[in-house]
S.K.: 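I am attaching a structure below and will ask some questions about it afterwards.
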Amino acid sequence: MKINETVEKALNEQINRELYSAYLYLAMAAYLDDLNLPGAAHWMRIQAQEEIGHAMKLYDYVVERRGRVVLEGIAKPPAEWGSITDVFESALKHEEEITSHINNLVDLAQEEGDHATVSMLKWFVDEQVEEEDSVDTILQKLKYLGEDGRSLIILDRELAQRQG
Ligand code: OFO
């Protein structure tokens, strides 16, 4: 069944949010590169690529349901943060906001009786649990280790290991 206009519009808005997420994480990568933390910057670059993957998953789904993808402008992300901890705290807050949007999308698809969209969104519901957990794990390490030079070198090495 062709997707209805209300769900199509909401999915297009989510495509924009996922692309903004990519842009935000790339901005965080640039800030971390500037702090000389290449491992943390690498982690954020991979995260940015994942977000483009999320946007494309929604894009492909809208096309598959014979809907129309309409791209809007992507908002300018911040360029400065206070520290690496501030970066990951902002990332966690952002992911919590994205989780709320995904939950709202599920509610909307349910109200519209669009079972296919509810089913597709299940992947995103599960993914958001992972997204929040991976950022929170890094934040906990930052809290235990602190931000002295030696600790940051250890953490940066670990973050450099993230696979795409
Ligand atoms: Fe697409 O999960 Fe993050 O934003």
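For ligands, and for the atoms within them, numbers begin at 1 and follow the listed sequence.
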S.K.: Report the angle formed at atom 3 (Fe) of ligand 1 by atom OE2 of E51 and atom OE1 of E95, rounding to the nearest 10°.
M.R.: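 Taking atom 3 (Fe) of ligand 1 as the apex, I get 150° for this pair.
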S.K.: Any side-chain donor paired with an acceptor under 3.5 Å for Q47 and E51?
M.R.: yes
S.K.: Backbone or side chain, does any N or O of S21 fall under 3.5 Å from an N or O of ligand 1?
M.R.: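 Yes, at least one N or O pair falls under 3.5 Å.
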S.K.: For H54, what is the atom name of its N, O or S atom nearest to atom 1 (Fe) of ligand 1?
M.R.: ND1
S.K.: Can you confirm if the aromatic rings of Y61 and W123 lie within a centre distance of less than 6.0 Å?
M.R.: no
S.K.: Look at atom OH of Y20 and say whether more than 12 heavy atoms of other residues, nucleotides or ligands are closer to it than 6.0 Å.
M.R.: yes
S.K.: Is it the side chain, the backbone, both or neither of R17 that has a heavy atom closer than 4.0 Å to ligand 1?
M.R.: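 For R17, no heavy atom sits under 4.0 Å from ligand 1.
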S.K.: Is it true that, when you exclude K2 itself, more than 12 heavy atoms of the residues, nucleotides or ligands shown sit nearer than 6.0 Å to its NZ?
M.R.: yes
S.K.: Between the side chains of N4 and E112, does any donor sit under 3.5 Å from an acceptor?
M.R.: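 Looking only at side-chain atoms, E112 and N4 do form a donor-acceptor pair, the distance falling under 3.5 Å.
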S.K.: Closest N/O/S atom of E18 to atom 1 (Fe) of ligand 1, by atom name?
M.R.: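 That would be atom OE1.
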S.K.: Tell me whether R66 contacts the main-chain N or O of I3 through its side chain, where contact means a donor paired with an acceptor under 3.5 Å.
M.R.: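 Answer holds: no.
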S.K.: Does the residue E50 have a heavy-atom contact with ligand 1, meaning some pair of atoms that are separated by less than 4.0 Å?
M.R.: no
S.K.: I'd like the atom name of the N/O/S atom in E131 lying closest to atom 3 (Fe) of ligand 1.
M.R.: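 Relative to atom 3 (Fe) of ligand 1, the closest nitrogen, oxygen or sulfur of E131 carries the name OE2.
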